[in-house]
Q: 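Next up is a structure, given as structure tokens.
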Protein chains: 2
Amino acid sequence: MRDLLAITKALADENRLRALGLLEQRELCLCQLVEVLGLAASTVSRHMTILHQARLVETRKAGRWAYFRLADEEAPAEVHAALAFVRAALHPVKQRKADQAALKLVLKLPPEELCRQQANCKC
Amino acid sequence: MRDLLAITKALADENRLRALGLLEQRELCLCQLVEVLGLAASTVSRHMTILHQARLVETRKAGRWAYFRLADEEAPAEVHAALAFVRAALHPVKQRKADQAALKLVLKLPPEELCRQQANCKC
DNA sequence: TTGTTATTTCGACAAATAACGAAATATAAG
DNA sequence: CTTATATTTCGTTATTTGTCGAAATAACAA
């Protein structure tokens, strides 16, 4: 029950659902998610931790960058089923389409530049 | 997105998942759910309202009794998918098995007597 | 009618959660 | 080594959520 509840709680937040919708496209680093979601980096980091603890998302560190991707085949059955549900339910959602369009633009910039922009934004 | 979020939030509570596990067996009235879940009637009523607003559960009033059952075929696709996910994910869960065993005993009593017992319990 | 009873609504409170910015950590670059 | 930068952790605050009991509602019974 604990595992299942970790999954359903992880799915019970709009911004985490949006993050999953973005990861459908491809693996993303934190600053790319931050750019599209429009939240503080610390907030997005926390969201990704929650998704990771529910095993919905895998994490990979490459130098300074943290990359996130949807859980793969080896994940528990509930995780797989949950991701399939989200994928299908999110498909007709407008917000998801807008997010993926925004992501397309973000992906045109190299991640380094993206982070620099965010740093500038604070000024 | 609002509809999807209503569903995922509705699923993000242990007692509501337990209620769905019980309704898998058959339609139940509030006092039967109260008996198995061991919560105040007002609390269970509130939980059922949340499940109903997410369209996961249908409500039927028969005299003084309120009956609840899982959403049927006519429900939106997300609802159907969510219930299928919960059903599968809940299947191996111990708590679900214990709840269904407890329900079996509760169902041996007529609902009237059950409610009277609960009333007595307050003394 | 009057009383009983099943359920819902309301008000209060405690606990959990999401958000931010600042500080800490870790790694690359100079 | 020192600086810059990407991410995480921490402390705080505002909001949401789960719970209960009391009161209100609705429907049957006497």
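The sequence lines fix the lettering, A, B, ..., with proteins before strands; numbering per chain opens at 1. Bear in mind that the values here come from a model prediction, so they are computed numbers and not experimental data.
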Q: With rounding to the nearest 0.5 angstrom, report the CD1 to CZ distance, A:I50 to A:R16.
A: 4.0 Å
Q: For the base of D:dG18, is there a side-chain donor-acceptor partner from B:T43 under 3.5 Å away?
A: no
Q: Look at the side chain of A:S42 and decide which nucleotide, out of C:dA18, C:dT8, C:dG21, has an atom nearest to it.
A: C:dG21
Q: Once you round it to whole Å, what is the distance between P of C:dT7 and CG of B:L39?
A: 15 Å
Q: Measure the distance from CG on B:L5 to P on D:dT17 and round it to the nearest whole Å.
A: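 Those two atoms, CG and P, are 9 Å apart.
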Q: CG of B:N15 versus P of D:dT17: gap in Å, rounded?
A: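 Computing the B:N15:CG to D:dT17:P distance gives 16 Å.
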Q: Does B:A66 or A:D13 map to a spot on DNA chain C nearer the 5' end, using the closest nucleotide for each?
A: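 Looking at DNA chain C, the more 5' nearest nucleotide goes with B:A66.
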Q: Can you work out whether A:A40 or B:T49 has the more 5'-proximal nearest nucleotide on DNA chain C?
A: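 With A:A40 and B:T49 compared, the 5'-side residue is B:T49.
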Q: If you round to the nearest 0.5 Å, how far is CG of B:L11 from CG of A:L4?
A: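 The CG atom of A:L4 sits 8.5 Å away from the CG atom of B:L11.
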Q: Mind running side chain to side chain contact (heavy atoms under 4.5 Å, CB included) on A:L20 and A:V57 for me, showing each step along the way?
A: CA-CA 8 Å; A:L20 292 178; A:V57 156; 3.9 Å; yes
Q: Taking atom C1' of D:dG18 as reference, at what distance in whole Å does atom NZ of B:K9 sit?
A: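 Computing the B:K9:NZ to D:dG18:C1' distance gives 13 Å.
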Q: In whole angstrom, what separates B:R64's CZ from C:dT8's C1'?
A: 15 Å
Q: D:dT19, OP1 or OP2 - any side-chain N/O from B:H47 closer than 4.0 Å?
A: yes
Q: Side chain to side chain contact (heavy atoms under 4.5 Å, CB included), that's the test. Do A:I7 and A:D3 meet it? Break it down for me.
A: CA-CA 6 Å; A:I7 292 172; A:D3 292 351; 5.6 Å; no
Q: What integer distance in Å separates A:L28:CG from D:dT7:P?
A: 11 Å
Q: Distance from B:R69 atom CZ to B:L28 atom CG, nearest 0.5 Å?
A: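 Rounded to the nearest 0.5 Å, the CZ-CG separation comes to 12.0 Å.
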Q: Considering every strand and a 4.0 Å limit on heavy-atom distances, what is the contact class for A:R46: base, sugar-phosphate, or nothing?
A: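 Nothing, no heavy atom under 4.0 Å.
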Q: Rounded off to whole Å, could you give me the CG-to-C1' distance for the B:L17 and D:dT17 pair?
A: 15 Å
Q: Atom CD1 of A:I50 to atom P of D:dT7: distance rounded to whole Å?
A: 18 Å
